[in-house]
2 protein chains.
Amino acid sequence: MNATKLDVPRSRDPERTRERILDCAQALILDHGFGATTVDAVTGRAGITKGAFFHHFPSKSDLGRALAHRYAELDEEHLRENMARAAKLATDPLQQLLVFVGLYEEQFAALDQPFPGCLFASFIYENKLFDEDTLVVLRRNALVWRAALRAQLEAVAAVHPPGRPVDFDSLADLFYALTEGTFVMTKTLGDRSLLVRQCQLMRTLLEQLFTPALAG
Amino acid sequence: MNATKLDVPRSRDPERTRERILDCAQALILDHGFGATTVDAVTGRAGITKGAFFHHFPSKSDLGRALAHRYAELDEEHLRENMARAAKLATDPLQQLLVFVGLYEEQFAALDQPFPGCLFASFIYENKLFDEDTLVVLRRNALVWRAALRAQLEAVAAVHPPGRPVDFDSLADLFYALTEGTFVMTKTLGDRSLLVRQCQLMRTLLEQLFTPALAG
DNA sequence: TGTTTAACATACCAACTGGTTGGTACCTAA
DNA sequence: TTAGGTACCAACCAGTTGGTATGTTAAACA
């Protein structure tokens, strides 16, 4: 498979080794899937031996679980942070929402490598390879996004009644789904601009929904 | 164990055998991924032997390629059909587009099993497992959708200028991306209603974009 | 009817898989 | 100084993998 070694000075730092294993595994998984990512490939890339791997992770499924937890924590921290920043940058709920999407747009635009995709989408298309503990993390993550955006959308609607009635749960899910789908398209077409453009479009659609007529 | 042959004479129907292999493989792949779907599992499910499998497919990658081609053909035929039906059911381009989405909504609603997901999304998250010939099929499929919807969107805009300027390519991609993403969410949350609800939402957003003010 | 050939089945293999073993180098605490 | 745990390594193991070599059988011809 991919045997490119990240030659890192052999530093006896278990925490960093563990993180490096997770990093390498995640990169490989996003290209090959979990099932086809062998622990030999992971150890080869991380520059360690199989013994070291199984010292840090009792089994390959433990690696999967650890990966899911780490990904969810990072993602949800990221979500909270952008929500908080948007809340500070604007006072009107709609403007906050638009800024929120704008922040993600900014961050997508700043990526230089082609976007590698979402670990959770990768996992869910191999769901039978994972135990319930791991899958629960994915479910919870989707619900966290729904709850966060639904709350914001209700605040928006209280100030700007939508031009047409909409189901807020579905509109909240739109963010998650559209992002996931755009990841798929980005990987498919190799066009890095897709994420940014879908963010722009989402802002347009939200503005059009909540402020149909331009106010001045 | 089975000494006497009571079995019905083997249905010596190569075309059906081939299709059964493809069906079984696809079902397994959508749950385990391509890499973790062994040909033993496929043959076991299809009720044939490994010899039979390799008679129909020279290698496992040939199975993948055949699967991609079949999936694309079915999907694009489906797309053309729904486009044609929508074109007959309405004359106004916007109404055609809304009917088009409505047809998919209908078809999603009619599914009784939980939706198994999109083969292409599964493949793209294991892209390094496939050769260029296979990946080209996925790319072409995404572009077919974009082209079809972009054309329709331009026809819509000619009659109903959008309330805000939008990039038609991105709006066209929204259909593909939102569908893919909702497949992911459906698999994640196990909620079969998600697809239907995102179709409804999409129709609302399109109406709001192209006819901001309700005409009478 | 006999012959050929496509459509399978059976038995097997080399390479690879996740995981284990026994060991070594290093750090820390007593 | 030393005892013991942590971090890591090299070699190995049993089971599984995609793939093959060689049969067998039914159907399509001649």
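Side-chain atoms are counted along with the backbone in the values below, which use heavy atoms only and exclude waters and symmetry mates. All values reported here derive from a predicted model rather than from experimental measurement.
Remark: the A:Asp173 side chain and the A:Ser170 side chain contain no N/O donor-acceptor pair separated by less than 3.5 Å.
Ring pair A:Phe53/A:Phe57 is tilted by interplanar angle, where 30° to 60° counts as tilted. Under the 30°/60° scheme for interplanar angles, the aromatic rings of B:Trp145 and B:Tyr176 are found to stand perpendicular.
Rounding to whole angstrom units, CG of residue A:Leu129 and P of C:dT17 are separated by 15 Å. For B:Asp13 and D:dA28, the CG to P distance is 11 Å, given to the nearest whole Å. In this structure, B:Arg20 places its CZ atom 11 Å from C1' of C:dC8, rounding to the nearest Å. Atom CG of B:Asp62 is separated from atom P of D:dG18 by 14 Å (rounded to the nearest Å).
Residues B:Phe123 and B:Tyr71 keep their aromatic ring centres 6.0 Å or farther apart.
Here NE2 of B:His55 is found 9.0 Å from OG1 of B:Thr17. Values are rounded to the nearest 0.5 Å. Distance check, rounded to the nearest 0.5 Å: CG of B:Asn141 to CZ of B:Phe120 gives 4.5 Å. Going from atom CG of A:Leu194 over to atom CZ of A:Phe108 covers 11.5 Å, rounded to the nearest 0.5 Å.
Listed by residue number, the members of residues 21-34 of chain B with any heavy atom below 4.0 angstrom from DNA chain D form an empty set.
The side chain of B:Thr38 places no N or O atom within less than 4.0 Å of a non-bridging phosphate oxygen (OP1 or OP2) of D:dT16. For C:dA9, neither phosphate oxygen OP1 nor OP2 lies less than 4.0 angstrom from any side-chain nitrogen or oxygen of B:His55. One finds no side-chain N or O of A:His56 lying less than 4.0 angstrom from the OP1 or OP2 phosphate oxygen of D:dT6.
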Quick one: which protein N/O atoms are closer than 3.5 Å to N/O atoms of nucleotides 19-21 of chain C? Pair and distance per line, please.
unit_1: C:dG19; atom_1: OP2; unit_2: A:Lys60; atom_2: N; d: 2.7
unit_1: C:dG19; atom_1: O6; unit_2: A:Lys50; atom_2: NZ; d: 3.1

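Under the 4.0 Å criterion applied to side-chain N and carboxylate O atoms, B:Glu126 and A:Lys187 are not assigned as salt-bridge partners.
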